Amino acid sequence: MRRAFFFILAFLWAPLCWAVSKQTAASVAAPQRDSYTSYYVYRRDALQVVNGDPDGANYAEWQVWLYANSVRVSRSGSGLAYARWGAIQGPSARAVRKQLAAYQQFERAYTKFFGANAWGRSTFSYSVGPIAVVEQGQKDDPYGLHWKIDLLNQRLESVVAELRSSLQNGEGNEAPALVQQFFEQVRNSMQDVACFYDKLSRLPAEHNYLGQILARLTPGVNQAESAIPKVTAILPTVKLPVTERSP
């Protein structure tokens with residue numbers, strides 16, 4: 001009788017413990033993506049969750065970290081800084097969230113247009129953020145790398161915004177090879193700039209090395225900007241009406 005009582009008690013207790021532990025793990029794992037009632041702060045190689053509206057937080061530098069696969073944030077999250085493939089960086093939480101959303105929309109349109117495997121592993125689909133970066137600093141920047149990459153990033157954002165509708169409204173089987181090569185260049189530039197922000201965070205003192213990489217990124221963005229009129233002439237930026245043929 002006593003053994004049966006303890007068996008029933010254990011049977012009832014286990015789901016309750018599982019539900020509580022699941023709720024606790026979720027509460028420390030990540031900010032709420034929809035409401036953004038919390039955010040991350042990265043300080044001295046430690047990633048912490050802070051409750052509060054990120055738009056009201058007074059930090060000068062914000063990032064979103066990018067991963068090839070889905071990741072889970074532990075209590076410290078220190079290892080995530082070394083597992084990311086790239087980063088989005090901006091002056092506010094709102095700015096990095098906006099860019100992330102725009103790049104994710106572009107990536108979805110790209111894969112729908114050219115095929116599910118056309119984007120590669122450096123995806124914007126898996127991210128952690130927004131993250132306020134503390135003590136990153138831009139004090140020692142004799143080459144102006146932060147200013148130059150921020151300007152290049154702004155130009156690339158404009159290219160992505162202008163071309164997304166062409167992918168959404170065009171037909172992939174009608175696009176010539178030249179158009180595909182152009183969009184591949186835009187994709188590569190998006191990935192390369194995000195990768196550069198990651199290197200800039202990890203290796204802030206390697207000015208010569210970073211300067212050489214940045215010099216290779218600029219021509220790609222220049223080419224993307226110059227080719228926009230040709231691409232939009234081939235692919236419509238609005239959905240064209242379908243003309244019904246009379247019988």
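Only a predicted model underlies this, so the values are computations on that prediction, with no experimental measurement involved. The basis for the numbers below is simple: all heavy atoms, side chains too, and nothing from hydrogens, waters or symmetry mates.
A donor-acceptor distance shorter than 3.5 angstrom exists from the side chain of R202 to the backbone of A81, with no hydrogens or angles considered. Side-chain N or O atoms of W147 include none that pairs as donor or acceptor with a backbone N or O of D150 at under 3.5 Å.
Heavy atoms only, all atoms of each residue included: S125 and Q104 are closest at O-NE2, 3.9 Å. Across every non-hydrogen atom of Y197 and A87, the tightest pair is CB-O, 3.6 Å. Closest heavy-atom contact between A102 and V160: O-CG1, 4.3 Å. When all heavy atoms of A224 and V186 are compared, the closest pair comes out as CB-CG2, 4.0 Å. Minimum interatomic distance between S189 and G220 (heavy atoms only, all atoms of both residues): OG-C, 3.8 Å. The two atoms that bring S226 and P229 nearest to each other are O-CD, 3.5 Å, heavy atoms only.
Taking 4.5 Å as the limit, every side-chain heavy atom of S92 sits out of range of all side-chain heavy atoms of R97. Q191 has its side chain within reach of N188: a pair of non-hydrogen atoms, C-beta onward, lies under 4.5 Å apart. The shortest distance between side-chain heavy atoms of F183 and F106 falls below 4.5 Å. Residues L217 and V221 are not in side-chain contact: their nearest non-hydrogen atoms beyond the backbone lie 4.5 Å or more apart. Between L152 and L214 there is a side-chain heavy-atom pair separated by less than 4.5 Å. For the pair L163 and V231, the minimum side-chain heavy-atom distance is below 4.5 Å.
For A101, the side chain to side chain contact (heavy atoms under 4.5 Å, CB included) test picks out no residue, with sequence neighbours left out. For E157, there are no side-chain hydrogen bond (donor to acceptor under 3.5 Å, both in side chains) partners at least two apart in sequence or on another chain. For K199, the side chain to side chain contact (heavy atoms under 4.5 Å, CB included) test picks out C195, Y209, L210, I213, with sequence neighbours left out. In this structure, the side chain to side chain contact (heavy atoms under 4.5 Å, CB included) partners of A57, at least two apart in sequence or on a different chain, are Y39, Y59, W62. In terms of the side-chain hydrogen bond (donor to acceptor under 3.5 Å, both in side chains) criterion, residue partners of R94 (sequence neighbours excluded) are, by chain and number, D55. In this structure, the side chain to side chain contact (heavy atoms under 4.5 Å, CB included) partners of A68, at least two apart in sequence or on a different chain, are R121. Every residue two or more places apart in sequence or in another chain that forms a salt bridge (Lys or Arg N to Asp or Glu O under 4.0 Å) with R155 is listed here: E225. Taking the ring-ring contact (aromatic ring centres under 6.0 Å, His included) definition, one finds that Y103 meets it with F124, sequence neighbours left out. In this view, N208 and Y143 satisfy the side-chain hydrogen bond (donor to acceptor under 3.5 Å, both in side chains) rule, not counting sequence neighbours.
To the nearest 0.5 angstrom, I228 atom CD1 is 12.5 Å from Q223 atom CD. Taken to the nearest 0.5 Å, the CD atom of Q89 stands 9.5 Å off from the CD1 atom of I149. Here CZ of F113 is found 8.5 Å from OG of S166. Values are rounded to the nearest 0.5 Å. Atom CZ of R216 sits about 10.0 Å away from atom CZ of F196, to the nearest 0.5 Å. Taking OH of Y40 as the reference point, atom CD of Q48 lies at 12.0 Å (rounded to 0.5 Å). S127 OG to R84 CZ: the interatomic distance, rounded to the nearest 0.5 Å, is 13.0 Å.
Judged by distance alone, the side chains of D198 and Y82 never bring a donor and an acceptor atom under 3.5 Å apart. A donor-acceptor contact under 3.5 angstrom links the side chains of N153 and Q99, judged on distance only. Checking S201 against Q63 by side-chain atom types alone, a donor-acceptor pair falls below 3.5 Å.
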Report the C-alpha distance between V128 and Y67 in whole Å, list the side-chain angles of each, state the deciding distance to 0.1 Å, and finish with yes or no for side chain to side chain contact (heavy atoms under 4.5 Å, CB included). CA-CA 8 Å; V128 173; Y67 300 89; 3.8 Å; yes
Between V134 and V41, does a side chain to side chain contact (heavy atoms under 4.5 Å, CB included) hold up when you go through it step by step? CA-CA 7 Å; V134 181; V41 171; 3.6 Å; yes
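The salt bridge (charged side-chain N to carboxylate O under 4.0 Å, His left out) pairs that include a residue from residues 102-113 number zero, where partners must be two or more places apart or lie in different chains. Judged as a salt bridge (charged side-chain N to carboxylate O under 4.0 Å, His left out), not a single pair has a partner in residues 182-192 (not counting sequence neighbours).
Y110 and W119 have their aromatic ring centers within a separation under 6.0 angstrom.
Partner of W65 under the side-chain contact (heavy atoms from CB on, under 4.5 Å) criterion, chosen from I88, L47, V71: L47.
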